[in-house]
Amino acid sequence: MPADSAPPCRGEDLVAKAEAEEPQAFAAFEETARKVPNAEGLLWRITARGAKPSYLFGTMHATEDDLVALSEPLRAALGEAGTVAVELADAQGAAAQRDMIAFVTKNGVDFSGKGLEGLSDEQVASVKRRLGEAGLPQSIAPMLKPWFLALTLQVSGCQLKQMSAGRPTVDEAIEKAGRAAGATIVGLETVAEQLEAVSRISEETARRMVRDAVADDKSSDDLQATTLALYRARKVGWFLAMDRETFGDALDVSAYADFMEGVVDRRNRLMLERSEALIDKGGVLIAVGALHLPGEKGLVELLRKAGYTVEKVW
């Protein structure tokens with residue numbers, strides 16, 4: 001399928017919906033969201049003593065044209081970077097894909113066939129449909145462990161179709177621009193490390209994530225639309241203030257505490273550890289998922305606690 005033939009995603013922005021339909025609940029949410037440290041901003045300047053400035057940018061695994069085009073502030077930061085550090089270097093390359101298949105084959109399959117236990121017939125059908133959209137055989141659904149099902153279902157079917165159609169993501173566009181400018185590309189993690197972080201979440205949380213992802217036909221598209229809206233507004237940290245009462249089960253961040261600790265907070269500490277030498281050398285652009293930036297345990301705060309000066313650029 002040609003890249004430009006993939007259909008546009010049409011989920012509903014639940015933050016905008018809450019503001020329009022539940023102004024009191026939205027006001028309470030907004031007040032809490034504004035208290036999240038470093039909740040707003042995607043591009044941050046990092047200053048280390050005696051080194052050229054470096055930058056931290058929050059990416060999103062999205063294919064929308066306006067985001068993939070990359071903003072002018074980001075392009076300016078890329079122009080100053082001799083090194084671009086990303087989560088996974090050449091994530092779509094043969095080596096990374098081979099490593100992913102090897103990890104999932106070893107750690108993501110349960111031949112007991114209990115992967116879909118506890119789901120209704122309607123939910124099982126939805127899971128199988130979504131796996132098909134992800135390019136996986138629907139028949140393997142019962143044999144996939146809940147953590148891998150949860151990971152796969154976090155991406156909306158619409159977004160999967162766009163990626164399958166060959167549309168690049170923001171992450172890929174940044175890496176490509178860095179390579180074109182002659183920057184050295186560095187990966188901060190391995191495929192196994194990323195997948196192991198997800199595989200460690202509790203089975204209870206993983207099964208809840210699966211149920212929430214297929215709660216209705218719109219849930220994953222609404223999650224994608226809401227996340228995109230926050231990203232475009234450069235308010236990704238607001239995501240950390242979302243609750244069940246206002247936004248529903250799928251966006252109840254407090255219910256996924258072990259997921260946030262394992263998949264976000266622990267990886268933040270690893271990314272900091274592996275970024276420090278690059279920052280001390282100077283001239284690096286660190287481009288990682290935007291949810292790794294905000295909050296008390298986010299990279300912006302961790303970098304400040306490590307002694308760096310970190311200032312919002314955009």
Side-chain angles (χ1 to χ4, degrees), residues 6-30 32-33 36 39-40 42 58-68 119-120 122-134 146 149-165 167 169-170 198 201 205-256 259-260 263-264 289-291 294:
C9 297
R10 303 194 181 280
E12 184 175 17
D13 173 8
L14 299 181
V15 172
K17 180 181 180 182
E19 184 175 16
E21 298 179 3
E22 303 177 72
Q24 267 192 308
F26 174 80
F29 158 70
E30 183 178 27
T32 302
V36 174
E40 301 180 13
L42 291 178
T59 70
M60 184 173 176
H61 205 57
T63 60
E64 278 65 20
D65 291 340
D66 62 313
L67 301 180
V68 173
L119 298 182
S120 68
E122 185 178 0
Q123 289 171 327
V124 168
S126 184
V127 168
K128 291 181 176 180
R129 174 178 55 79
R130 294 280 302 283
L131 286 179
E133 293 171 347
L149 276 174
L151 176 65
T152 304
L153 298 176
Q154 288 309 295
V155 184
S156 74
C158 169
Q159 196 68 232
L160 284 169
K161 288 175 183 176
Q162 291 187 344
M163 288 187 281
S164 297
R167 298 185 66 168
T169 64
V170 176
V198 184
I201 63 175
T205 294
R207 288 187 182 279
R208 184 189 303 124
M209 291 174 69
V210 172
R211 290 195 300 270
D212 290 347
V214 297
D216 61 61
D217 288 338
K218 288 177 74 268
S219 58
S220 62
D221 287 340
D222 287 349
L223 173 60
Q224 180 75 8
T226 303
T227 307
L228 274 171
L230 289 175
Y231 187 79
R232 285 190 171 106
R234 304 193 295 280
K235 296 178 178 178
V236 175
W238 286 32
F239 189 88
L240 300 178
M242 290 186 156
D243 56 53
R244 175 184 288 111
E245 289 73 20
T246 308
F247 300 103
D249 289 339
L251 285 168
D252 183 15
V253 176
S254 65
Y256 295 111
F259 176 87
M260 294 298 294
V263 179
V264 180
L291 200 57

Nearest 0.5 Å, please: how far is NZ in Lys128 from CG in Leu131? 9.5 Å
Show the nearest heavy-atom pair for residues Ala241 and Val36, with the distance to one decimal. CB-CG2, 4.5 Å
Set of residues satisfying side chain to side chain donor-acceptor pair (under 3.5 Å) with respect to Thr63, sequence neighbours excluded: Gln159, Gln162
Which heavy atom of Val198 sits nearest a heavy atom of Val263, and at what distance? CA-CG2, 4.0 Å
So does Ala255 get a backbone contact from the side chain of Arg208, meaning a donor-acceptor N/O pair under 3.5 Å? yes
Identify the two heavy atoms, one from Ala290 and one from Pro294, that lie closest to each other, and give their separation to 0.1 Å. O-CD, 3.2 Å
Heavy-atom side-chain contact between Val253 and Met260 under 4.5 Å: yes
Please tell me if the side chains of Ile201 and Tyr256 come closer than 4.5 Å, counting only heavy atoms from C-beta onward. no
Are Leu223 and Gln154 packed together at the side-chain level, in the sense that at least one heavy-atom pair is separated by less than 4.5 angstrom? yes
By salt bridge (Lys or Arg N to Asp or Glu O under 4.0 Å), Asp243 pairs with (sequence neighbours left out) none
So do the side chains of Thr169 and Thr59 get within less than 4.5 Å of each other, counting heavy atoms only? no
Would you say the side-chain atoms of Tyr231 pair up with the backbone N or O of Leu42, donor to acceptor, closer than 3.5 Å? no
Which heavy atom of Val214 sits nearest to which heavy atom of Ser219, and what is that distance? N-OG, 4.1 Å
Contacts of Asp222 meeting side chain to side chain donor-acceptor pair (under 3.5 Å) (sequence neighbours excluded), chain-then-number -> Lys218
Answer whether the closest heavy-atom distance between the side chains of Thr32 and Trp238 falls below 4.5 Å. no
CA sep, side-chain torsions, deciding dist, call: Leu230, Met242, side-chain contact (heavy atoms from CB on, under 4.5 Å): CA-CA 12 Å; Leu230 289 175; Met242 290 186 156; 3.8 Å; yes
Taking all non-hydrogen atoms of both residues, which atom of Ala150 and which atom of Val210 are closest, and how far apart? N-CG2, 3.7 Å
Using the rule given for side-chain contact (heavy atoms from CB on, under 4.5 Å), can you reason through Arg207 versus Leu149, listing the C-alpha separation, both sets of side-chain angles and the distance that settles it, and then say yes or no? CA-CA 9 Å; Arg207 288 187 182 279; Leu149 276 174; over 6 Å; no
Side chains of Leu14 and Thr246 in contact at under 4.5 Å (non-hydrogen atoms): no
Any salt bridge (charged side-chain N to carboxylate O under 4.0 Å, His left out) pairs touching residues 244-253, not counting sequence neighbours? Arg244-Asp249, Arg244-Asp252
If I take atom CZ from residue Phe29 and atom CD from residue Glu19, how far apart are they, to the nearest 0.5 angstrom? 10.0 Å
Can you check side-chain contact (heavy atoms from CB on, under 4.5 Å) on Val236 and Met60, steps first, answer last? CA-CA 10 Å; Val236 175; Met60 184 173 176; over 6 Å; no
Does the side chain of Lys17 reach to within under 4.5 Å of the side chain of Thr226, using non-hydrogen atoms? no
If you take all heavy atoms of Ala62 and Leu67, which pair is closest and at what distance? CB-CD1, 4.3 Å
Mind checking what makes side chain to side chain donor-acceptor pair (under 3.5 Å) contact with Arg234, not counting sequence neighbours? none
Side chains of Asp212 and Leu251 in contact at under 4.5 Å (non-hydrogen atoms): no
Run the salt bridge (Lys or Arg N to Asp or Glu O under 4.0 Å) test against Arg211 and tell me which residues pass, sequence neighbours left out. none
Check: Val155 main-chain N/O paired with Arg130 side-chain donor or acceptor under 3.5 Å: yes
